Amino acid sequence: MTKNREVAQALEEISLLLQIEGKDKFKSLSYARAARSITGLGEDIENIRDRGELTNVPGIGKAIADKIESFLDTGEIKLLVELRERVPVKVWELEAIPDVGPKTISLLYRELGVTDLVSLEEALDAGKLEGLKGMGKKTISKIADGIKIARAGASRTLLAEAMPIANRLVERLSRISDVNQAVVAGSLRRRRETIGDIDILVDASKASKIMDAFVGMEDIADVLVKGPTKSSVRTKDGLRIDLRVLPTESYGAGLQYFTGNIDHNVKLRAIAKTKGLLLNEYGLFRNDEQVAGQGEEGIYDALGLDYIPPELREDMGEIEAAQEGKLPKLIKLEDIRGDLHTHTDQSDGKNTIDEMLDAAVEKDYEYYCVSDHTQSLTIANGMDEAHVLKRIEEIDELNASGRWKMKILKGAEVDILAHGELDLDDSVLDQLDIITLSIHSRMKDTKQVMTERVCHALESKYAHILGHPTGRLLLKRPEFEIDMEKVFETARHNNVVMELNAHPQRLDLNVGNLRAAKRWGLRIAINTDAHRTGELDYMQYGIFQARRGWVEKYDVINTLPPKELMKSLRK
DNA sequence: GCCGTTTTCGGCCCGACTGTTTTCAGTCG
């Protein structure tokens with residue numbers, strides 16, 4: 001996956017440099033489009049290249065595919081090298097300044113020789129920006145302020161951190177009189193793993209009053225934009241919030257437009273055009289007559305598309321599927337019948353088994369698997385064989401007691417050791433209901449070693465589920481190097497289920513891997529990995545991620561009734 | 001450079017806001 005980021009960055013840089021050169025606008029847009037597409041892939045671009053399917057990726061044609069291959073083979077793209085020579089500007093630094101784009105960068109470079117933040121600062125201090133075309137006092141001071149923001153770097157926020165903040169905002173806005181409804185839009189509504197800002201849409205006829213209330217809220221550090229229908233602020237903790245107000249008759253169109261993503265919207269508007277229609281945030285229009293717009297459904301319908309759930313709106317095939325009536329029936333939270341990966345205070349969890357079970361019953365689960373860590377994970381107080389056997393006895397007694405109206409399953413999260421051996425003796429593994437295998441050590445193994453190690457573990461007859469298969473921690477630790485296609489193939493042969501770990505910092509598998517797992521005919525287990533009672537709520541984030549990965553109810557084993565669940569795990 | 005319900009050429013989403021301008025260019029989403 002690190003390669004995906006590198007390729008996307010290279011293409012994005014080409015796009016920016018082409019824009020700075022100001023030659024062919026559409027060519028530069030193509031590179032940007034391709035870069036966004038790769039960013040949204042999830043799946044390893046190297047695997048796609050190996051299958052010879054690069055040009056199947058939306059926005060990638062022959063020319064860009066060749067450049068990607070060149071980058072993967074040599075680490076270079078000739079065009080990029082040449083562009084950097086012609087325009088030796090550190091685009092990433094300058095582009096990060098708010099309100100500074102290609103035209104401004106071009107002007108600053110051509111007129112003043114500015115190539116990075118340091119030389120820009122020097123030019124500012126020397127008063128050299130004054131007198132340049134379009135550079136008034138306000139623009140110059142904006143640039144000066146923007147340098148600090150560029151230095152701080154773009155920050156992203158976990159979905160699970162942003163969602164409560166956004167919900168509180170929506171609630172506050174809803175309470176303003178004249179507001180009919182307020183709702184979260186943007187990447188938050190698409191349930192992306194991390195978000196860059198919070199987008200909120202308000203349905204109201206009198207916008208100005210709402211704008212005043214919005215920018216006047218506590219915790220607002222800066223007002224970035226304020227107009228009659230649209231405002232942006234930055235909160236004291238650095239989060240950007242965009243607010244758009246639209247009247248009721250445009251609410252659906254506004255929601256559609258504001259949910260995005262850009263490529264999804266662009267394609268929809270192009271389809272509208274072919275039908276002699278105009279689509280914007282006010283509605284879908286034939287000449288001046290509004291054909292649809294109060295609800296989102298009406299817009300998709302009028303464009304000849306099935307309704308596309310927000311989580312799929314990334315132009316990754318969903319529009320074509322909607323045209324053909326082939327959209328997946330996405331899984332829902334209510335479909336889940338139990339949690340198969342949870343911890344207690346017997347290893348590194350914070351609550352007792354009784355407390356966890358009480359919390360699980362609250363969720364109306366039909367089964368619940370207790371799966372604490374095993375011995376080699378000493379830092380998590382992992383259990384040895386004797387401890388696991390004691391736990392097995394205990395759970396048998398709990399089940400016999402009938403105190404909880406659900407089946408308590410005996411499990412363990414068994415460490416995969418250095419060469420793919422399992423961290424418990426077979427005689428003990430044999431007595432467990434569900435065994436989840438996980439990597440917690442040697443995460444810097446080479447791709448080949450890691451792949452062999454995991455695949456060897458999956459070949460064990462005790463391998464039921466592969467836990468958090470790529471080991472990533474969002475915004476913190478990248479996925480470890482591993483050939484997921486090999487892993488999927490081995491899992492397929494050995495009837496091993498892939499976990500979608502629902503912890504908001506993991507969401508592991510990612511979207512591309514979920515779709516790839518589906519292609520392999522693999523089944524998924526959506527598990528919270530809860531270490532305390534409240535974390536059982538993480539299931540909703542797993543469902544969000546599953547939906548983004550086009551996962552349906554029948555793909556997921558913990559939607560099955562208890563008997564069928566156990567049957568499905570048999571070797 | 002990409003792409004196809006105008007299909008291998010000729011298009012390429014659409015509008016809000018800002019600052020600097022006297023009507024618009026640049027940026028952003």
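Chain naming here is simple, since letters A, B, ... match the order of the sequence lines and numbering starts at 1 in each. All values derive from a computational prediction rather than experimental measurement.
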Contact pattern, 5' to 3', of nucleotides 20-29 of chain B - B, S or - by protein heavy atom under 4.0 Å: S-----SSSB
Protein-nucleotide distance (A:Lys25, atom NZ; B:dG11, atom P), rounded to Å: 14 Å
Between B:dG4 (P) and A:Lys273 (NZ): distance, integer Å: 16 Å
A:Ser119 side chain to A:Asp116 side chain, donor-acceptor N/O pair below 3.5 angstrom: yes
Contact list for DNA chain B against residues 56-71 of chain A - heavy-atom distance below 4.0 Å: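 A:Pro58, A:Gly59, A:Ile60, A:Gly61, A:Lys62, A:Ala63, A:Ile64, A:Lys67, in order of number.
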Near-strand residues of residues 291-308 of chain A, defined as heavy-atom separation under 4.0 angstrom from DNA chain B: none
Presence of salt bridge, A:Glu218 and A:Lys236, under 4.0 angstrom: no
Sugar-phosphate only, base, or nothing, as touched by A:Leu279 at under 4.0 Å among non-hydrogen atoms: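 A:Leu279: backbone/sugar contact only, no base atoms under 4.0 Å.
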ring centroid sep under 5.5 Å plus plane angle under 30, A:Phe26 with B:dC2: no
Crowding at NZ, A:Lys267 (>12 non-hydrogen neighbours, <6.0 Å): yes
Geometric class of the A:His264/A:Tyr300 ring pair [parallel <30°, tilted 30-60°, perpendicular >60°]: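 Rings of A:Tyr300 and A:His264: tilted, as their planes differ by 30° to 60°.
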Rounded distance [0.5 Å steps], CZ in A:Arg151 versus CD in A:Glu93: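 Between A:Arg151 CZ and A:Glu93 CD, I get 7.5 Å after rounding to 0.5 Å.
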